[in-house]
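Worksheet for the structure shown next.
Only heavy atoms go into these numbers, but all of them, side chains included; no hydrogens, no water, no symmetry mates. Just so it is clear, the structure is predicted and the values come from calculations on it, not from any experiment.
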Amino acid sequence: MTDPTEAVALERLGAADAAYLGCGISHLVIGLCRLAKREDGSVPSFEEVREMVNERLGRSPRFRQAPYLPDGASGLPAWADDQDFDLDYHVVKADTDGPVNRQELDELLAEWMTTPIDETKPLWRVQYIGPTEDGAALMVKSSHALADGLGSIALFAMLLFDVTVEPQREEAAPWSPAPLPTASELKNDPSGDAADADSLLDRATSLITHPQQLREAANATAGVGSYLLRKSREEMPASPLANGTGAPLELRTLEYPLDRLKLLGRGLGTGATMNDVILGLVAGGLRQWLIENGEPLEDLAVRVPVSLKKDRKAGEAGNPGVAPMVVPLPVEIDDPVRRVRNVRERTESIKAAGEPAHNLAVRKMLREAPSQVRDRILPLITGRGQANVAIHNLPGPPIKLYVLGAPTASLHSFTLPRVGLALHLNVVSVGGVVSIGLAGDKSAVKSLDPFVRGFEETEKALAGGVGRLDLVRRVPVFAPLDEDMQEDLASKMSERKVKSGESLAEQGQHGDLFFLIVEGKFDVSADGKTLRELGPGESFGEIALLRDTERTATVTASSKGVVMVLSRDAFLEAVAADPTSMVVAEAIINTRLGDLGRYQIFGDGES
């Protein structure tokens with residue numbers, strides 16, 4: 001049990017954290033955890049969840065502390081024990097009738113997100129919803145003054161989650177609150193404003209006594225100055241998402257297997273990552289939203305976080321941090337594969353220009369700048385006034401999490417839209433599942449349904465595009481081509497379903513198409529004699545296109561199938577312009593003509 005008479009070390013809120021106090025709902029960190037059923041078909045009850053939380057309150061003092069600044073004190077508030085801590089305020093059960101479906105869960109979540117936290121109490125709450133259609137759910141929220149997105153995941157993980165099916169149970173430790181700090185105690189606290197001033201003086205002294213640091217600081221300042229000048233001259237293009245009031249809310253949730261998104265990135269080649277794929281999906285969702293709302297297909301800028309860890313020099317210590325980066329998405333590009341490639345090129349260009357590093361440097365400087373300076377500069381570097389969509393990426397643990405033996409089906413995070421930022425997407429990766437939480441300002445987005453349709457259709461089209469691209473890369477005559485040309489060919493191919501017995505090429509007829517088999521089996525025959533069977537990944541039609549001659553054989557589907565079809569012009573534009581592809585094509589043609597007992601050299605007539 002805590003001894004109330006024992007002196008407790010004071011711990012003040014940081015200036016950045018304290019700035020979130022008094023902001024109401026605008027800086028809440030929101031989470032939704034869907035729970036699947038346990039192996040026996042049951043789900044954790046509210047009473048079980050409350051009991052477990054009570055057992056684990058002692059894991060962090062923050063669970064029973066609130067910001068406190070006594071009368072007569074100045075400076076930043078300190079963390080102090082809640083003198084009347086009430087678990088029944090922090091862990092509650094939603095009033096529902098019967099199993100809750102997804103739409104009802106979204107409505108409950110919208111209400112949860114727009115209800116502020118009492119800042120005189122510890123800055124967190126949990127709400128239990130159950131049963132749901134597929135199990136149960138937990139909604140959590142905390143103030144950004146307590147922790148940021150990742151920090152909140154860590155705190156709630158201490159309260160709720162286990163990494164094994166069997167929960168770790170413990171006895172609730174006896175506890176009583178320590179006395180509240182007095183104004184004189186805060187005044188004499190060495191961690192207050194005087195310590196911040198001393199720290200600033202120490203850094204200034206260090207620069208003077210180490211000339212190399214001074215030169216590096218001057219160079220960095222010059223780069224930052226140029227960066228701020230450039231940002232001050234940028235103007236956000238007119239956008240339908242620039243309007244809105246921040247409320248009312250519309251919410252949606254999406255989930256994707258992590259391995260699938262990574263596979264899509266690898267399939268695209270050119271170094272595409274999962275983050276590039278997600279940006280490509282967002283661009284597809286925005287594109288569909290613009291089309292359905294009759295808006296022009298013009299670039300929409302999104303604000304995304306970027307880690308500077310990869311850019312850190314070898315041997316450089318410290319936390320490199322995460323900085324926001326504003327990226328215009330190419331919504332005008334129809335083909336999803338080319339869209340993702342374009343997104344990657346844009347993000348790499350912005351990184352190469354040093355924008356994220358400059359952004360982080362400015363934010364560090366602003367921590368010690370007067371509020372008037374912060375208010376003028378922050379809008380330039382955080383994307384406000386430059387982007388209408390914000391993406392938040394919260395990488396969670398790669399292992400499966402459980403709540404009292406029930407596996408987590410998904411873990412979503414949400415951020416409230418604000419004026420000028422009408423759409424927020426939070427991406428959380430936990431246990432092999434990527435969960436996406438969408439929160440839109442209904443007065444601006446009207447409905448998120450078009451966006452969700454575009455997101456899902458883009459994912460399917462992207463998977464198909466990756467599949468086509470992989471097939472194109474495997475075609476011997478296309479293999480020597482560069483990636484740009486391969487992607488161009490894949491985008492120009494159309495899919496065609498084929499019935500069993502259908503002929504795609506007739507011996508003696510003129511041919512204008514190249515065929516690449518995706519599914520099914522096809523028989524090749526000439527002069528009434530079957531020569532061989534073709535299957536997925538194989539192609540035909542090259543001879544008639546390259547020789548501008550009649551088909552040398554008949555190709556008939558022996559089963560239902562799917563083929564990709566390419567026009568003569570697109571085929572010749574790619575292959576005829578590449579010497580290596582022409583050499584490969586010559587070898588293929590001579591092999592096939594050899595099967596017919598005829599050989600042919602480029603430029604010669606048929607023998």
Side-chain angles (χ1 to χ4, degrees), residues 263-273 276-277 279-284 287-288 291 297-299 327-349 454 457-496 504 511-519 536-548 562-589:
L263 183 63
L264 290 177
R266 289 196 297 268
L268 289 169
T270 66
T273 66
D276 296 322
V277 171
L279 281 178
L281 296 177
V282 172
R287 174 185 169 86
Q288 188 64 29
I291 291 173
L297 292 177
E298 298 175 349
D299 285 359
V327 182
L329 295 184
V331 295
E332 75 284 357
I333 298 179
D334 180 50
D335 179 61
V337 173
R338 299 180 73 85
R339 194 185 303 140
V340 174
R341 181 181 177 87
N342 186 278
V343 164
R344 177 159 182 79
E345 290 172 352
R346 293 186 181 195
T347 56
E348 290 301 307
S349 175
E457 290 171 4
T458 298
E459 190 271 338
K460 293 176 182 177
L462 190 58
V466 169
R468 289 195 300 271
L469 183 56
D470 184 60
L471 286 172
V472 166
R473 289 171 177 155
R474 295 172 186 269
V475 175
V477 74
F478 296 151
L481 302 176
D482 61 37
E483 289 185 336
D484 285 339
M485 184 59 72
Q486 290 174 341
E487 286 184 7
D488 187 61
L489 287 173
S491 68
K492 290 178 178 177
M493 285 185 164
S494 59
E495 185 177 285
R496 177 174 166 184
L504 297 182
D512 283 322
L513 300 174
F514 168 82
F515 298 91
L516 175 57
I517 301 172
V518 180
E519 299 175 10
E538 296 186 281
S539 59
F540 58 92
E542 301 97 325
I543 296 177
L545 301 184
L546 289 167
R547 292 290 191 272
D548 192 20
V562 178
V563 295
M564 302 306 299
V565 183
L566 187 66
S567 70
R568 170 194 291 270
D569 290 344
F571 179 88
L572 292 177
E573 181 183 358
V575 175
D578 188 280
T580 306
S581 289
M582 288 298 287
V583 171
V584 174
E586 179 181 358
I588 292 172
I589 290 175

Point-to-point distance, once rounded to the nearest 0.5 Å, from CG of Asn342 to CD1 of Ile333 = 4.0 Å
ask   = Can you tell me how far OG of Ser567 sits from CG of Asp512, rounded to the nearest 0.5 angstrom?
value = 9.0 Å
task = Kindly indicate whether the side chain of Met564, heavy atoms from C-beta on, has any atom under 4.5 Å from the side chain of Ser494.
result = no
Ring pair (Phe, Tyr, Trp, His ring centres under 6.0 Å) partners of Phe540, counting only residues at least two apart = Phe515
message = So Leu489 and Val475, do their side chains get closer than 4.5 Å, heavy atoms only?
response = no
task = Determine the minimum heavy-atom distance between Leu481 and Ser581, stating which atoms define it.
result = CD2-OG, 3.4 Å
inquiry  = Restricting to non-hydrogen atoms, name the atom on Val331 and the atom on Arg287 that form the minimum distance, rounded to 0.1 Å.
reply    = O-NH1, 2.8 Å
task = Flag the pair Phe571 / Leu513 as yes when at least one side-chain heavy-atom distance between them is below 4.5 Å, and no otherwise.
result = no
query = Can you find a pair of side-chain heavy atoms, one from Leu279 and one from Thr347, that are under 4.5 Å apart?
reply = yes
key: Beyond-backbone contact of Val518 with Leu471, side-chain heavy atoms, under 4.5 angstrom   = yes
remark   = Rounding to 0.5 Å, atoms CG (Asp488) and CE (Met493) come to a distance of 11.0 Å
Close side-chain approach of Met582 and Val477, heavy atoms under 4.5 Å = no
inquiry  = Can you tell me how far apart CD1 (Ile517) and CD (Glu519) are? Round to the nearest 0.5 Å.
reply    = 11.5 Å
inquiry  = Strictly distance-based, threshold 3.5 Å: is any side-chain N or O of Arg473 a donor or acceptor partner for the main-chain N or O of Gln486?
reply    = no
ask   = Looking at CG of Leu546 and CZ of Phe514, how far apart are the two atoms once the value is rounded to the nearest 0.5 Å?
value = 10.0 Å
task = Inspect the contact between Asp548 and Arg568 and indicate whether a charged nitrogen and a carboxylate oxygen are less than 4.0 angstrom apart.
result = yes
message = Would the distance check show the side chain of Asp276 and the main-chain N or O of Thr273 forming a donor-acceptor pair, the cut-off being under 3.5 Å?
response = yes
task = May I ask you to test the Glu332-Glu298 pair for a side-chain heavy-atom distance under 4.5 Å?
result = no
key: From CG (Leu516) to CD (Glu495), nearest 0.5 Å   = 11.0 Å
inquiry  = For a quick test of reading the model, state the closest non-hydrogen atom pair linking Leu545 to Gly511 and the distance between them.
reply    = CD2-O, 3.7 Å
message = On a heavy-atom basis, which atom in Ala577 and which in Pro579 lie closest, and how many Å separate them?
response = O-CD, 3.7 Å
ask   = Between Lys492 and Ala570, what is the shortest heavy-atom contact and its length?
value = CD-CB, 4.0 Å
query = salt bridge (Lys or Arg N to Asp or Glu O under 4.0 Å) between Arg468 and Glu487: does it pass, once the steps are laid out?
reply = CA-CA 9 Å; Arg468 289 195 300 271; Glu487 286 184 7; over 6 Å; no
ask   = Do Glu483 and Arg341 come within less than 4.5 Å of each other through their side chains, counting heavy atoms only?
value = yes
request  = Using a strict cut-off of less than 4.0 Å between a Lys/Arg side-chain nitrogen and an Asp/Glu carboxylate oxygen, indicate whether Arg339 and Asp335 qualify as a salt bridge.
outcome  = no
ask   = Does a salt bridge link Arg338 with Glu345, judged by any charged N lying under 4.0 Å from a carboxylate O?
value = no
ask   = For the residue pair Leu329 and Val343, what are the closest heavy atoms and their distance?
value = CD2-CG2, 4.1 Å
